[in-house]
Undergrad: 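Structure below; questions to follow.
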Amino acid sequence: MSTAAATGPGVPENMRGRIGMASLIVAEISFFAVFIVAYLFYLGKSTTGPQPGEVLKTPIAATICLLASSVTIAIALRALRAGSLGGFRAWWLATILLGAGFLFATALEWHELIHERGLTIATNLFGTTFYSLVGFHALHVTLGLCMLAFVLAASLRGRLQPADAERTEILSWYWHFVDAVWVAVFSVVYLTAR
Amino acid sequence: MSAPRDDGSESIRMPAPTAWPMLLAAGICLGFAGLVTNAIVTVTGAGLAVIAARGWIREVLPVQHLEEVELRPAALRARDVLPSTARVDHLEVGRDGHRMRLPIEIHPWTAGLGGGLIGALVMALVAAAIGVATHGSPWYPINLLAATVMPSLSGAGTATLEAFDPTAFGLASVIHLLASLLVGALYGLILPLVPRHHVLVGGLVAPLFWTGLLWAVLGVLNPALNGRIEWPWFVLSQVAFGLAVGWFVSRREKIATLQDVPLAARAGIEAAGLGPGRDEA
Amino acid sequence: MAVLDRSLASSSPGEAVRLPVASRLHDWVVTADHKKLGLMYIASGLVFFLVAGVMASMMRIQLAFPQNDFLGPNTFNRLMTMHGTTMVFFVGMPMFFGFANYLVPLQIGARDLAFPRLNAFGFWMFLFGGLLLYFSAIGSEGLYGAGSTPDVGWFAYAPLTSRTFSRGNATDYWILGILLSSVGSTATAINLVTTVATMRCPGMTLRRMPLFVWILWVDAILVLFVLSPLTAAQVMLLFDRFLGAHFFDTQAGGSAVLWQHFFWFFGHPEVYVLILPAFAIASEVIPVFSRKPLFGYPIMVAATICIGMISMSVWVHHMFVVGLEPGANTFFAASTMAIAVPTGIKIFNWLGTMWGGRIRFRVPMLWCTAFLVEFVLAGLTGVILATVPIDWQLSDSYFVVAHFHFVLIGGLLFNIFAAIYYWFPKATGRMLDEGLGRKHFFWFVLGFNLTFLPMHVPGLLGMPRRIYTYMPGRGWDAWNLVVTAGVAVQAVGILFFLWNVISSLRGGEPAGDDPWDAWTLEWATTSPPPEYNFEEIPTVRSRRPLWDLKHPEDPDWRWE
Amino acid sequence: MNPGSPVHAIPDMFSPVSAPAEAIRQLWWLLGGISGAILLIVGGVVWWCATRFRALPGEDREPPQVYGSNQIEFAWTIVPVLIVFVLFLATARTIYDVQAMAPPADALEVTLVGHQWWWEIRYPGLGVVTANELHVPASVPGAKRPTFLTLESADVIHSFWVPQLAGKTDVVPARRNRTWVEPTETGTFLGQCAEFCGTQHANMLLRVVVDSPGDFAAWVEAQKRPAVADPLVAAGRAVFESTSCVNCHTVAGTGAKGTFGPDLTHLMSRTTIASGAADNVHAQLRAWIVDPHAIKPGALMPAMKLPDDQVDAVTAYLSTLR
């Protein structure tokens, strides 16, 4: 009895998930690349309103949160592989909290920009490109957090076993990708603004 | 392949049919359609999408939902693929039958490219010599060649053309080298296909052939050169190139050993019976 | 047991157990089977093709005479936009995904795609996206409350698409329809990439994969790279229109040229996304009917990869007239001309395959042979247009229109017809009629050349594209009349085709497993294949597993 | 203006009268020749294969199974590379030849502004403003005078294309593109907008009148005269100036200073109205004032719904703007 789900011989079952996720990440990279190009292209071309250097503060805390979450998710996976479900839950929760911290920092930043600095997406080219790029990144973080939360819920209900480490790792690739995008956004948006 | 079985009770697990992906797609599309219609559509779509996503997840987690598909009865399965009655022809190679291994001793890349380099050098020397002889300047032919891509030179006077121009020198060198290497590689590939008279073909026939082609299109390609060219000298430099490449390539090849084999084999055709066969996969 | 009945019902039309219509429809709607989804892609592509073809015919009637008033300018511009958008996104793309869906698992000896449900999701996103685009005809805010389809051209140049110049929301429908279907296309591309990477049967190394699968694999990877930039650009346009952003707002310092860069960074590779499946089909049909393996398989693979890579660095050749620097124009002229080389190599290899064969000119092979000639002409006019100064004259003229119709009809559509005639027996168990097929071929090829060969001329005589009317006496009148007459001849060919499909579905000659004496794995199973494709996953030892079985005395694996 | 100069009705890139267009025609023959040869060769091979290698009925043998040949592959790679290389060289020179041309000191500078769906034409050095009919001097031996055009757009992307004078250059908002022509023959040459720009893209026509240097100077003088003030058409002028006409149109020396529509100061010096969609004769002009959309559906000029006597008066007034 064989199943349709079987991969080709000699190809480990988990390769499907890995290649599928890698393909998704390729598509996402070219999506973000366009927003990054647009940001750089319009840098300094705004005809009015605040320029990046005048309003942006380097988000050190948020960056540390997000980079640290990549480490904690790796530790969580190692715990899961080692069979320590408790360790997994703790580190996984830490990852979620760090990601939520990042989102909170972004929300604070936006609140200040919009209400105190008067910069909205319609203000000028800087506002347009900034909110689109950072916003799409934040959207991806949010989606990632939803999936992480879903896994945590499954784990708390006892539905996640060490045998699921492979799937969980593929999910962690997505999280690392979101992290890598932030490194690019950080360099392009915040470092050029200084 | 698919051997018929007597036991019809066997089955294969296939992914079960499901409406959730379609409903998720419908939900997402309605969600966006609300942008151009009415907010209620967006709300409906979002709700549908959430329900469908939940349904989909339940279908694949923790284990995906499969259904048993029974195999068809043997009578309805694919027939075995039987040996064909059609005989297969073979290319006949040489005297030793069609399964002999070809003694391929050609090094097209090294020979052709090397020949191209030598030819480039010889041609450049001849052209420079002609430049010195007719205009007292080795830069004259080089500037004319560069005029192919430099509009500033294409309308320039003789004095400008006789002076050294670093940009023109760089461009002309690149054009000259690239063209020479490409033609050299062609020599390396095509000369072994010609049974005899390599030096005649490579040194005279081919240069005359492309000189004729160039003559036809030079007016558009390089008006400056076209206006000033002296064809006998031009042919001379091309023949020098051809002879140098032809000499170099034919010296490197032992093409004499291939003279009695048919064209297909000299051309390196890969075909059943021409290469080395294996007994087991 | 119900499942078994279903497969029986579809496999043996003569003794079918007819299920109620609703139940059969339900089967198609909920299916995750790659073959059913593939057929649905192809069928919906054909429907969109007929709709867009009717639009083209209406435009040609309008242009048959100078200052004709069959259509007004607004109607014409809408038809022109919808024709282009539909043909590219809702005919070309589903044809690629349809044939890939149906054939890739069969050819690599797999039971389904890697993610069957994601496959269904991709199809429905594509279809609903298309339906949303067409819903604009009744749903959008047009003049006087009437619906209005988009009218900004299929590449929707900014700032014509801004709120200022495109009032109402027809342009929003254009954005959303394509954006949603692109999401589906990306999902399906991910699926195909994964399937080919992981689901090949034992023995099927990359070197033994049918070239068809190779090309579609490269094509799917190309889709991953180029489709999301279009999505990103459309999102930007959406932000401009809904949130007051300024991406393409020239009043606020935005750039109209940036949209062109983004659009064509997708748009040019898209041409190759569309034409690569045609290459894949030709690489399958020509060897079988020439009775020889494909000439230069490794070079064909290399050329395919080259085309995929170079196609991402040629987009500026659509923008030679926007006034870029001479350096940029020179670079992109070079890259555009360079892509002619691997494409030429492919043509030569197909010719090399035919050379020395024993060619059987059945209908699929007729289409592929015609394709070779038409596509060479298309490629040559492409090189002519890559010559920047000539492009300054011919860009946005009818010469360009003729050029890309040669690519997309002479290149793509001819091969789609070849594929339909070639694989119809596999999918339905019945042959298409040879006589009707030949009538279809001759009428359509005649009409095609009558339409698009003369169409080059008004372009050379200064006729711009996308004009709904023109002045008499410019030397364009007679040519346009001939072009329109050609459309009528093509329509006759299409009628033969439709009649052939309908009548053969009902009473075509039974096909058997392997009607063409072919060599790839899909012919080793029944026609149509069972839900699970193969009772036992096959094992292959060469590129032509069925040749090995048919010629045990001289199998391929001994020589490869 | 020289009324005897011919109108070249067919905007044909093969009858160039100006330097850039001439360079392009030469390249065309090179490309056309090479392409034609390749098409013939490949077509011939297909024909040969189709006839020579056609299977005979009832033949039950498979041909030799040939996989390929590296040498042949290399050969038919290198030949196209060589051809492409040669074509590229010629292309590169022509690009620089046309695009890198710097305006000489005595070049005529013209600014062409694309509007939906007409052309505004300004001669900044001469103080002349007109619409839809571009006058340029012929470049004759001894008095070579190229015309350099600065292309701007007031709204969306348009494209300047007069095939007999030069290849096209897009007219892009917020961007100043340059192109140039150097016609050597007098006459009227036709062109039109070549980039889709909305409803009336088809009727955004452009005429270029190449005058002899003397005629051109005379034309410039005529354009500098203020609008005629004729008491007979005072009523028409009063209507014109009291309605919203003045919001969009300019008539020099009057209160009409609008810039959305064409400058009407010398309307009667042009042979067409509505950017070429209709001839500039009394009946057409009157019809245009009554309802522009009957001639050019979607045009941005509204139908003013004037009573008949006022239409007559306005038409009479406009007819004096010579």
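What's counted below: heavy atoms across the whole structure, side chains too, no hydrogens, waters or symmetry copies. All chains are named by letter (A, B, ...) in the order of the sequence lines, taking the proteins before the strands, and each is independently numbered beginning at 1.
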Undergrad: Against chain D, work out which of C/G357, C/P287, C/A334, C/G475 has the most heavy-atom pairs shorter than 4.5 Å and name it.
TA: C/G357
Undergrad: Output yes when a side-chain donor or acceptor of D/K168 lies under 3.5 Å from a complementary backbone atom of C/V321, and no otherwise.
TA: no
Undergrad: Testing the basics here: between D/E195 and C/Y157, what is the closest heavy-atom pair and its distance to 0.1 Å?
TA: OE1-CE1, 3.4 Å
Undergrad: Is it true that C/F295 and D/W76 have ring centroids separated by less than 6.0 Å?
TA: yes
Undergrad: Taking C/G323's backbone N and O only, do any of them form a donor-acceptor pair with D/R175's side chain (distance below 3.5 Å, no angle check)?
TA: yes
Undergrad: To the closest 0.5 Å, what do you measure between CH2 (D/W161) and OG (C/S397)?
TA: 4.5 Å
Undergrad: With only heavy atoms counted, which part of C/W350 is less than 4.5 Å from chain D, the side chain, the backbone, both or neither?
TA: neither
Undergrad: Before you tell me yes or no, could you show the steps for D/Q192 and C/R474 under side-chain contact (heavy atoms from CB on, under 4.5 Å), namely the whole-Å CA-CA distance, both residues' side-chain angles and the distance that decides it to 0.1 Å?
TA: CA-CA 12 Å; D/Q192 66 188 89; C/R474 300 228 165 156; 3.4 Å; yes
Undergrad: So which of C/I345, C/L377, C/I347 has the largest heavy-atom pair count under 4.5 angstrom toward chain D?
TA: C/I345
Undergrad: Check the pair C/T330, D/Y96 against side-chain contact (heavy atoms from CB on, under 4.5 Å), reporting the backbone distance first and the verdict last.
TA: CA-CA 9 Å; C/T330 311; D/Y96 280 90; 3.4 Å; yes
Undergrad: More than 12 heavy atoms of other residues, nucleotides or ligands under 6.0 Å from CZ of D/F260: yes or no?
TA: no
Undergrad: Please check if the side chain of C/N74 supplies one atom and the backbone of D/T199 the other of a donor-acceptor pair under 3.5 Å.
TA: no
Undergrad: Which heavy atom of C/L160 sits nearest a heavy atom of D/G198, and at what distance?
TA: CD2-N, 3.9 Å
Undergrad: Measure the CZ-OG1 distance between D/F53 and C/T353 for me, rounded to the nearest 0.5 Å.
TA: 12.0 Å
Undergrad: Would you mind checking which part of C/L366 comes under 4.5 Å of any heavy atom in chain D, side chain (CB onward), backbone (N, CA, C, O), both or neither?
TA: neither
Undergrad: Measure distances from D/W48 to the heavy atoms of chain C and classify the residue's part below 4.5 Å as side chain, backbone, both or neither.
TA: side chain
Undergrad: Report which part of C/F248 has an atom under 4.5 Å of a heavy atom belonging to chain D: side chain, backbone, both, or neither.
TA: neither
Undergrad: Nearest 0.5 Å please: distance from the CG atom of D/N203 over to the CE atom of C/M471.
TA: 5.0 Å
Undergrad: In sequence, state the C-alpha distance, the side-chain angles, and the governing distance for D/W28 and C/Q393, and then conclude on side-chain hydrogen bond (donor to acceptor under 3.5 Å, both in side chains).
TA: CA-CA 10 Å; D/W28 164 266; C/Q393 285 285 19; over 6 Å; no
Undergrad: I'd like to verify something: which residue of C/A386, C/P389, C/G462 has the highest number of heavy-atom pairs under 4.5 Å with chain D?
TA: C/P389
Undergrad: Out of curiosity, C/W392 CH2 to D/D170 CG, how far, rounded to the nearest 0.5 Å?
TA: 12.5 Å
Undergrad: Dump the intermediate steps for side-chain contact (heavy atoms from CB on, under 4.5 Å) on C/W355 and D/V45, then the final yes or no.
TA: CA-CA 9 Å; C/W355 189 280; D/V45 173; 4.3 Å; yes
Undergrad: Non-hydrogen atoms of chain D under 4.5 Å away: do they reach the side chain of C/E374, the backbone, both or neither?
TA: neither
Undergrad: What part of C/Y470 gets closer than 4.5 Å to chain D, counting heavy atoms only: side chain, backbone, both or neither?
TA: neither
Undergrad: Pick from C/K550, C/R291, C/R358: which one makes a side chain to side chain donor-acceptor pair (under 3.5 Å) with D/E62?
TA: C/R291
Undergrad: About how many Å separate OG1 of C/T387 and CD1 of D/I95, when rounded to the nearest 0.5 Å?
TA: 9.0 Å
Undergrad: Which heavy atom of D/C49 sits nearest a heavy atom of C/L351, and at what distance?
TA: SG-O, 4.2 Å
Undergrad: Counting only heavy atoms closer than 4.5 Å, note whether D/A166 contacts chain C via side chain, backbone, both or neither.
TA: backbone
Undergrad: What part of D/I34 is in contact with chain C, defined as an atom under 4.5 angstrom from a non-hydrogen atom: side chain, backbone, both or neither?
TA: neither
Undergrad: When rounded to the nearest 0.5 angstrom, what distance separates CZ in C/F320 from OG1 in D/T169?
TA: 13.5 Å
Undergrad: Say whether, by atom type as modelled, one donor and one acceptor occur between the side chain of C/K292 and the main chain of D/Q65 under 3.5 angstrom.
TA: no
Undergrad: Which bit of D/D155 is near chain C, if near means a heavy-atom gap under 4.5 Å: side chain, backbone, both or neither?
TA: both
Undergrad: Are the side chains of D/V66 and C/P293 in touch, meaning some heavy atoms are under 4.5 Å apart?
TA: no
Undergrad: Nearest heavy-atom pair of C/T250 and D/A174: which atoms, and what distance?
TA: O-CB, 3.8 Å
Undergrad: Looking only at heavy atoms and a cut-off of under 4.5 Å, which of C/V388, C/V257, C/I299 has the most pairs with chain D?
TA: C/I299
Undergrad: Please classify the contact of D/V81 with chain C as side chain, backbone, both or neither, using a heavy-atom distance under 4.5 Å.
TA: both
Undergrad: Using heavy-atom distances under 4.5 Å, tell me whether C/F375 contacts chain D through its side chain, its backbone, both, or neither.
TA: neither
Undergrad: I'd like to verify something: which residue of C/N349, C/L294, C/V376 has the highest number of heavy-atom pairs under 4.5 Å with chain D?
TA: C/N349
Undergrad: List the atom of D/F196, the atom of C/D151, and the distance in Å for their closest heavy-atom pair.
TA: CE2-O, 3.3 Å
Undergrad: Check the pair D/C197, C/F165 against side-chain contact (heavy atoms from CB on, under 4.5 Å), reporting the backbone distance first and the verdict last.
TA: CA-CA 9 Å; D/C197 55; C/F165 301 110; over 6 Å; no
Undergrad: Given a strict heavy-atom distance threshold of 4.5 Å, which part of C/D249 is in contact with chain D: side chain, backbone, both, or neither?
TA: neither
Undergrad: Might you point out which heavy atoms bring C/G356 and D/P63 nearest each other, and give the distance in Å?
TA: O-CB, 3.5 Å
Undergrad: Using non-hydrogen atoms only, which part of C/S166 is less than 4.5 Å away from chain D: side chain, backbone, both, or neither?
TA: neither
Undergrad: Flag the one option from C/M80, C/M365, C/Q67 with the top tally of heavy-atom pairs under 4.5 Å to chain D.
TA: C/M80
Undergrad: Let me know if C/A303 has heavy atoms under 4.5 Å from chain D in its side chain, its backbone, both or neither.
TA: neither
Undergrad: With only heavy atoms counted, which part of D/L205 is less than 4.5 Å from chain C, the side chain, the backbone, both or neither?
TA: side chain
